[in-house]
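Please read the structure below before turning to the comments.
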Amino acid sequence: MIENENQNLWSASFESIVNQRRSVRKFHPEDYDPAAVTESLRRAQLAPNSSNMQLWEFYRVSDSSSLKAMGEACLGQNTAMTAREMVVVVVRPDLWRQRAQANYDHVKNVHGDRPSFRGQSALDYYGKLMPLLYNNDVLGIRGFFKKMYVTFLGLKRPMVRQVTGTDVRIVVHKSAALAAQTFMLSMVAEGHDTCPVEGFDSVRVKKILQLPSRAEINMVITCGKRIPEGIYGDRFRVPSEWVVK
Ligand SMILES: Cc1cc2nc3c(=O)[nH]c(=O)nc-3n(C[C@H](O)[C@H](O)[C@H](O)COP(=O)(O)O)c2cc1C
């Protein structure tokens, strides 16, 4: 339970951070502290994520030749060409075995050799259910049969329907985007700015980062400190009534 006084402080701080965060398209050429990224990446890893599988990676790009290559791969956009550093948020559905095992071992550590009902459920979750969800073939044959199975079960009771390889890709991208947003809000708290970028050539970005074929780029985040011309105008949002139902 947060004390009332702290509650007001937290609310005011969060309001300021949300208002201050803007997509910045031109960064200051000198003023920059990479420690802000270190701290914000630590916080990003605390973001909620599906089944705690943490199928994400964060690549820091800061040397000038890689920044230049990345700027070009980001289609020469101003935000990319002036960034002091970039963080590339990558999803790694191919690492599901490693991450499921890490969770399994963690549960085993916490619950010991004679786990409670909850402990055993968690072990089954990482030992049986996660392999069922994440082990998909390129042709999507397993996914097809899984989909048929849950559709059948779903006739009788509520079922999770998102079980195919494509569904899993969406799952990992959702979690990565939450980490990206946590990172960007934290950068504001550290007195810095960012811009999320999806206008990039994913083939070239993967080549620059030497990523394996099954890795996917979730987002490139440019980092630095804003200059006034870096904000392209006042914020515009459609009316709340259109989106809050
Ligand atoms: C997934 C995603 C991709 C984006 N890609 C780009 C981009 O390639 N280039 C760019 O300048 N801004 C990009 N943006 C920033 C949006 O244009 C911006 O968030 C939106 O206009 C709202 O402005 P604000 O962030 O300042 O509130 C992207 C934002 C998101 C969430």
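One-based numbering, in listed order, for ligands and for the atoms of each. The figures here come from the full heavy-atom set of this structure, side chains too, leaving out hydrogens, waters and symmetry mates.
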Problem - Proximal protein residues to ligand 1, non-hydrogen atoms under 4.0 angstrom - result: R21, R22, S23, R25, Q77, C195, P196, V197, E198, G199, R235, R237
Problem - Aromatic plane relationship, Y32 with H192 - under 30° parallel, 30 to 60° tilted, over 60° perpendicular - result: perpendicular
Practice task
Using distance alone, with no hydrogens and no angle criterion, decide if R142 and T164 have a side-chain donor and acceptor under 3.5 Å apart.
Solution key: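 Their side chains do not contain a donor-acceptor pair, so the 3.5 Å distance test is not met.
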Problem - Audit row: T79, T222, side-chain hydrogen bond (donor to acceptor under 3.5 Å, both in side chains) steps and yes/no - result: CA-CA 7 Å; T79 189; T222 56; 2.7 Å; yes
Handout entry: For V205, the rest of its hydrophobic cluster, which grows through side-chain links under 4.5 angstrom
Key = Y59, V61, L67, M70, M86, V88, V90, V197, F200, I208, L209, L211, I217, V220
Practice task
Taking ring pair (Phe, Tyr, Trp, His ring centres under 6.0 Å) as the test, write out the residues that go with Y126, two or more places apart.
Solution key: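 Expected list: none.
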Distance-only criterion, 3.5 Å: show the donor-acceptor pairs between side-chain atoms of residues 238-245 and protein atoms not counting sequence neighbours.
unit_1, atom_1, unit_2, atom_2, d
K245, NZ, E241, O, 3.4
K245, NZ, W242, O, 3.3

